[in-house]
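To start, the structure under review is shown below, and the notes come after it.
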Protein chains: 2
Amino acid sequence: MKKRRYLQTVPGEVIGLRRPTLPARLLEALEESVGRAHAVVDPEICAQFETDWTGRFRGISAAVVRPGSTAEVAEVLSLCSAAGVPVVPQGGNTGLVGGGVPMGGEVVLSLRRLTYIGEVDDSTGQLTVGAGTTLGALQQHLAPLGLETTMDLASRDSATLGGMAATNAGGLQVLRNGSMRSNVTGIEVVLADGSVLSQLRGLPKDTSGYDIPSMVVGSEGTLAVITQVRLRVGPANDNRVVALLGTASLHDAERIASRLRNEMENLRSAEIMERTTLLLVAARHGLPALFGDDTPWVLLIELSGRQAAGVTTDQLSEELTFKVAAEAGRITDSAIGSGGTDLQRLWSYRELIPETLAALGTVRKLDVSIPPGGCPGFVSAARDLVGRIAPSARLHVFGHLLDGNLHLNLLGVSEKDGDGLDLSVLELAVSLGGSIGAEHGIGRAKSHLLHLVRSPEEIDLFRSVKRAFDPMSTLNPGVLIPS
Amino acid sequence: MKKRRYLQTVPGEVIGLRRPTLPARLLEALEESVGRAHAVVDPEICAQFETDWTGRFRGISAAVVRPGSTAEVAEVLSLCSAAGVPVVPQGGNTGLVGGGVPMGGEVVLSLRRLTYIGEVDDSTGQLTVGAGTTLGALQQHLAPLGLETTMDLASRDSATLGGMAATNAGGLQVLRNGSMRSNVTGIEVVLADGSVLSQLRGLPKDTSGYDIPSMVVGSEGTLAVITQVRLRVGPANDNRVVALLGTASLHDAERIASRLRNEMENLRSAEIMERTTLLLVAARHGLPALFGDDTPWVLLIELSGRQAAGVTTDQLSEELTFKVAAEAGRITDSAIGSGGTDLQRLWSYRELIPETLAALGTVRKLDVSIPPGGCPGFVSAARDLVGRIAPSARLHVFGHLLDGNLHLNLLGVSEKDGDGLDLSVLELAVSLGGSIGAEHGIGRAKSHLLHLVRSPEEIDLFRSVKRAFDPMSTLNPGVLIPS
């Protein structure tokens, strides 16, 4: 098999129509390594691994291999590397930038069978999990122990912790705990050549060498394949209060959120949404429609704390009510809740947005990072751009307000208009001091735009680092770094 | 000039007696670049840059160059790299492992003139500082603004923020805010060839490429020269309470500290010290001798919080007094204080230890990381080793208890016994799941021992990463990675 069979394609395009065939000897060796049932070339089974959640990225793989242990991952990589066959590591396939989709006939290396969950070390509050463990599975495992994850995101039941590490995932608690890189304390990876590197001690302090965990986190499968992750977890914040605060402008919402952060120790989340989006959610899911026409923006606030540290629900409710009263001039309407049902109902407006929009058609998603404070200016300019470039498109904005992280969701945009729109919106974000990726990664969708935000010297250095880890460039070629 | 003039020596040994001479053309170019006053070959002036704080590491440099801007740093590196002359970047020279000392006649690149302090961005709580800014200068700058650094350490008035970033420094607040890597949100570096890479946006979320800040932090000047650091700072924790708690065993101290962490939101520091050490401090500095013979260990606890977030000194004092009462069975004696003078007096027992021990002779320092919970076993076994290998030595242990980070200070050890002792103690730490470096770095002192804690595959990868950044290996050769 020639290596150029696997050349990179442009996003969205599938190379040819025929599924590439692996050399028989390689396929046999892979079958022997992971078991016949887990080295698959059947097109129907492969298909599940060849499309992402959005449906925008769809490709063809030479095979799907699903190892059940680190040793098997090492064998698979060593075999593929020896044969010069490129590999796409894949977790829950919930990334939104095509980073885990085989676009050039690569071998898909699914890590989902690595579902190990280790014991919690009480003295450090850490545990080790297999890369294929979903966030939701870990949360369910921790709850009866009085513990919780420091990360949370809406795709918790599909997203794997290995994938979350590979993409430096963010989510709903970043303002309290930081992104994935801040919560990963150790890692086990396999290099392209099959070497296993394990830094799972999770010592609070360790200066013995370069920090492999923080290099691999966020590298989107281009440097190494993550097989185990050591994670910080925490005692459960068992007392929680959620409020939906309506505002007349994004600026007002930002002022309220900043003030709450400065004056409260217990702020966990500050999510921004548009009322027009919430009306769609309400209609689809039979929820009450919220607030009136004077309220284009809705800010979701969660406070949470630990009973054991003396934080009660009453105290949180009181504190929040008091702060809301102090901001009465900026708040058009509000709803506050603290019981289990209330919490779920209030959060459902936020969490049902992606599914609601997806039901209306193919959603073009852009994830941008804006310096906090710059969101109102960005949204207004982005709306102008959409109006100019794709006048019939509908734009829904939501995101993590205090992180300066907005998700632009576009319905009714052609793939052709879309490319120009992406470019203009991302250029706008960068011109305001922001970035073309906040928490979704760069993937295949934006690697050709990396130069907007990184200098030629930086991209050169990225290439050198990539070569240091993966000299033959068989790991996720075309992802993150422009080819 | 031949490149081998600069070959690495073993720690403590000076190569030859003659100061190497730079080619006249290079020296002239350096003088032109930074100004004649800042490119120095005068042995008397150079001498201040050739010895570290401990006096254990002493070398000879070809010249000391002190650039005043990033552009000058880039010129100096480009000139040295073109001439194949190795460079040792140097900050405040307070590192304790010889990482900033020229051992092979290198050019010392002192960053101390880069003392810029930028404006604080209120929306992110970040600012950018020059690498040569000392931690103390930044703290003094922030105090009138009602702000404080998230890092603190006893050498604050000498340690530079560039040096702290290069070594991933820890200190007195790691249990609350993490080590330097967790507090650096952006960085500007110059590569060996003079390219300037700047990632100073400090966006809360950014997935656009590999994370250069977290790669360079902790690389001890071997990958790039740090010229600016973007840092998280925070609102001042204006209300503070400190307690010294005497215990009969290290085990008791650990149990108390763990419990306080689990049950209190405001714990800032948990420092462990030996009473025998504090008696020396008290005698030298005219402080009252503390506690009785039944108290071999003293735990220093600080709680701190913000008035604006509703945390008062009274509340902290009450909370701490209540917790101390609950642990009465484990506490032999205690002293609590909260006013400015009291705080300073109680902290001075801890902060005057290094100077007090240094006044008694050459101190051999070992900085180890132990999995939290393992400190009592480690200390008792380390004491046995000292008794066996260097029976006349005096061992003083202090450190950051909840980080599992102990500093072993040895007086009266010959350089010969010392090497064997280092090896045995570090092997012990590793055998318990710990590391040979916690917050002091590896430097020249321990690079030959890196294999104790890192696998050959890991060290190979470190070498590849080093080559990716610094292909000619002119930056701090012999430091961190074994040569």
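Everything quoted here is computed from the prediction, not taken from an experiment. Lettering follows sequence order; numbering is per chain, from 1.
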Side chain, backbone, both or neither: which part of S214(A) has a non-hydrogen atom closer than 4.5 Å to chain B? both
Do the side chain of R261(B) and the main chain of S123(A) share a donor and acceptor less than 3.5 angstrom apart? yes
Under a 4.5 Å cutoff for heavy-atom pairs, which residue among E457(B), R181(B), R463(B) has the most contacts with chain A? R181(B)
Can you tell me how far CG of L461(A) sits from CG of L191(B), rounded to the nearest 0.5 angstrom? 6.0 Å
Between S369(B) and K205(A) (side chain of the first, backbone of the second, donor and acceptor by atom type, cut-off under 3.5 Å), is there such a pair? yes
If I take atom OG from residue S455(A) and atom CD from residue Q199(B), how far apart are they, to the nearest 0.5 angstrom? 8.5 Å
Bottom line for S447(A): the part with an atom under 4.5 Å from chain B's heavy atoms is neither
Among G170(A), P372(A), S182(A), residue most engaged with chain B (heavy-atom pairs, under 4.5 Å): P372(A)
Determine whether more than 12 heavy atoms belonging to other residues, nucleotides or ligands lie under 6.0 Å from atom CZ of R255(A). no
Could you have a look at T167(A), N168(A), N262(A) and say which one has the most heavy-atom pairs with chain B under 4.5 angstrom? N262(A)
Per-residue tally against chain B (heavy atom, under 4.5 Å) across E319(A), E265(A), H440(A), M264(A) peaks at E265(A)
Minimum side-chain heavy-atom gap T124(B)-P371(A) below 4.5 Å: no
Contact class of S258(A) relative to chain B, heavy atoms under 4.5 angstrom: neither
Separation between CG of L197(B) and CZ of R454(A), rounded to the nearest 0.5 Å: 9.5 Å
For E220(A), which atoms come within 4.5 Å of any heavy atom of chain B: side chain, backbone, both, or neither? side chain
Please flag which part of D403(A) lies under 4.5 Å from any non-hydrogen atom of chain B: side chain, backbone, both or neither. both
What residue in G209(B), S179(B), G125(B) has the most heavy-atom pairs under 4.5 Å with chain A? G209(B)
Any sub-3.5 Å donor-acceptor pair from R306(A)'s side-chain atoms to E263(B)'s backbone N or O? no
Which portion of V174(A) sits near chain B, non-hydrogen atoms under 4.5 angstrom: side chain
Counting heavy-atom pairs closer than 4.5 Å to chain A, which one of P471(B), A309(B), P235(B) comes out on top? A309(B)
Using heavy-atom distances under 4.5 Å, tell me whether S208(A) contacts chain B through its side chain, its backbone, both, or neither. both
Flag if over 12 foreign heavy atoms under 6.0 Å of CD, Q307(A): yes
Using a cut-off of under 4.5 Å on heavy-atom pairs, state which of E254(A), K466(A), R467(A) scores highest against chain B. K466(A)
Just how far is it from atom CD1 of I481(A) to atom OH of Y210(B), taken to the nearest 0.5 Å? 3.5 Å
When you check the side-chain N and O atoms of S435(A) and R201(B), is any donor under 3.5 Å from an acceptor? no
Which distance, rounded to the nearest 0.5 Å, do you find between the CE of M215(A) and the CG of D211(B)? 10.5 Å
When heavy-atom pairs shorter than 4.5 Å are enumerated against chain B, which of A468(A), S464(A), A438(A) gives the highest number? A438(A)
Contact part of I212(B) toward chain A, heavy-atom cut-off under 4.5 Å: side chain, backbone, both or neither? side chain
If I take atom CD1 from residue I436(B) and atom OG1 from residue T207(A), how far apart are they, to the nearest 0.5 angstrom? 8.0 Å
